[in-house]
Trainee: 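Structure incoming, see below.
Heads up: numbering here begins at 1 and tracks the sequence. In what follows, every heavy atom counts, from backbone to side chain, and hydrogens, waters and symmetry copies are set aside.
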Amino acid sequence: MSSELLARLDLVDGLPGAGELREATYELLRCGPGDRVLDVGCGGGRAVAELCARGVRAVGADLDPRMLAAARTRGSAAPAEFVEADVLRLPFADGEFRGYRADKVLHELADPAAAVAEARRVLAPGGRIVLCGQDWDTIVLDSDSPALTRAIVHARADTIAGPRAARQYRTLLVDAGFTEVAVEVRTVVDTDGGFRPLLDGLAAAAREAGVATDAQLEAWLGEQSARAGAGRFFLAVPIFVASATVRPQ
């Protein structure tokens, strides 16, 4: 499963605009050379390596040891640190970091508020938090079968622990006592069919939920493949980016 997840993360991270989005999250951290930054749910370690290239002392945390092994291999040239850790119980002291980044993480949690509270604990006064992720109910896909597409998208969202966590970012940060809370939305648009392989996951969830027959799903996937081949593919994913500051003492 980890290799499949890593491949999906690589696919998403390689889409047009994905690099610019990551760079935007680094800028929002407002951290400079020597600052210690924690990237939770670090996956293959791409963000950790990019932060290290900026001179930041980046630490990647992930619960999956296989992901961490891949991150260490990929980032072998960067002075990065990787730690096996639960985002809800971080093995770090209070106020240890100047920055905290969570990209595509909070929607995996049944209790995202607990993760934000833990982030607040490990951040120093004046430290910055940046949250980034999609709302799984708002995948926009052009199709000749809009009602079926809506049912498929919602079926996939229902398999996620916190499918609407991204729209809650602002409330989560305010409730945790952060200041300077800001939220922006950046939309990833795919017209080349780069996202087409990810639609298999949507169809599988819809099949499991019983919202469509095998024949309907095969036709739906076939339509999207035909659209990609004919230059008619369109998929848009709004990405929510929230940032905030720990109130200075």
Side-chain angles (χ1 to χ4, degrees), residues 1-22 24-25 41 43-47 62 64 66-67 70 74 103-110 132-169 184-241:
M1 178 60 184
S2 292
S3 60
E4 295 176 4
L5 177 57
L6 191 58
R8 290 201 300 271
L9 291 174
D10 285 343
L11 175 62
V12 172
D13 285 342
L15 287 171
E20 291 82 354
L21 178 60
R22 289 195 306 277
T25 66
R46 185 191 298 260
D62 204 290
D64 189 337
R66 293 166 296 182
M67 279 289 188
R74 292 179 169 201
D103 183 4
K104 299 184 286 292
V105 174
L106 263 61
H107 67 261
E108 298 286 358
L109 308 175
C132 182
Q134 73 183 72
D135 186 305
W136 283 81
D137 269 346
T138 53
I139 298 174
V140 180
L141 180 68
D142 190 16
S143 171
D144 296 336
S145 304
L148 176 60
T149 299
R150 183 168 57 250
I152 290 170
V153 168
H154 289 170
R156 177 67 177 98
D158 287 344
T159 68
I160 306 294
R164 288 164 290 280
R167 69 180 70 173
Q168 299 170 335
Y169 284 166
E184 59 182 286
V185 181
R186 297 185 175 228
T187 304
V188 175
V189 176
D190 174 23
T191 58
D192 297 325
F195 259 121
R196 168 60 190 82
L198 301 182
L199 301 186
D200 293 332
L202 298 184
R207 181 177 294 109
E208 183 68 23
V211 303
T213 66
D214 286 349
Q216 287 175 314
L217 293 170
E218 288 173 9
W220 183 78
L221 289 171
E223 180 209 339
Q224 293 305 319
S225 292
R227 282 176 172 272
R232 297 176 58 247
F233 187 86
F234 182 86
L235 184 146
V237 182
I239 305 296
F240 293 73
V241 182

Trainee: Going by side-chain hydrogen bond (donor to acceptor under 3.5 Å, both in side chains), name the residues that satisfy it together with W220, two or more places apart in sequence or in a different chain.
Mentor: T149
Trainee: Does T159 have any side-chain hydrogen bond (donor to acceptor under 3.5 Å, both in side chains) partners at least two apart in sequence or in another chain, and if so, which?
Mentor: R156
Trainee: Quick one: which residue pairs count as a salt bridge (charged side-chain N to carboxylate O under 4.0 Å, His left out) with a foot in residues 225-234, not counting sequence neighbours?
Mentor: D142-R227, D144-R227, E223-R227
Trainee: With the threshold set at 4.0 Å, does a side-chain nitrogen-carboxylate oxygen contact exist between D200 and R196?
Mentor: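 Salt bridge present between D200 and R196.
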Trainee: Can you sort out the partners of T213 under side-chain hydrogen bond (donor to acceptor under 3.5 Å, both in side chains), two or more places apart, ordered by chain and number?
Mentor: Q216
Trainee: Not counting sequence neighbours, which residues clear side chain to side chain contact (heavy atoms under 4.5 Å, CB included) with A206? List them please.
Mentor: I152, A155, V211, L217
Trainee: Say whether, by atom type as modelled, one donor and one acceptor occur between the side chain of D192 and the main chain of G194 under 3.5 angstrom.
Mentor: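 Flag not set: sc D192 to bb G194 has no pair under 3.5 Å.
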Trainee: Nearest 0.5 Å, please: how far is CZ in R164 from CZ in F240?
Mentor: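 Interatomic distance, F240 CZ to R164 CZ, rounded to 0.5 Å: 12.0 Å.
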Trainee: Report the residues that fulfil salt bridge (Lys or Arg N to Asp or Glu O under 4.0 Å) with E184, sequence neighbours left out, ordered by chain and then residue number.
Mentor: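 So E184 forms a salt bridge (Lys or Arg N to Asp or Glu O under 4.0 Å) with R186.
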Trainee: Heavy-atom distance under 4.5 Å between the side chains of T191 and F234, does that happen here?
Mentor: yes
Trainee: V140 versus T187: any side-chain heavy-atom pair under 4.5 Å?
Mentor: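 The answer is no, as the side chains (C-beta and beyond) never meet within the 4.5 Å cut-off.
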Trainee: Does D158 reach the side chain of P163, with side-chain heavy atoms less than 4.5 Å apart?
Mentor: no
Trainee: Tell me whether D190 contacts the main-chain N or O of F195 through its side chain, where contact means a donor paired with an acceptor under 3.5 Å.
Mentor: yes
Trainee: So which pairs with a foot in residues 135-154 pass ring pair (Phe, Tyr, Trp, His ring centres under 6.0 Å), sequence neighbours left out?
Mentor: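 As it turns out, the ring pair (Phe, Tyr, Trp, His ring centres under 6.0 Å) pairs with a partner in residues 135-154, which skip direct neighbours, are H107-W136.
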Trainee: Check whether any side-chain heavy atom of L141 sits under 4.5 Å from a side-chain heavy atom of Q224, and report yes or no.
Mentor: yes
Trainee: Can you list everything that forms a side-chain hydrogen bond (donor to acceptor under 3.5 Å, both in side chains) with R150? Sequence neighbours excluded, please.
Mentor: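 For R150 there are no side-chain hydrogen bond (donor to acceptor under 3.5 Å, both in side chains) partners, ignoring immediate neighbours.
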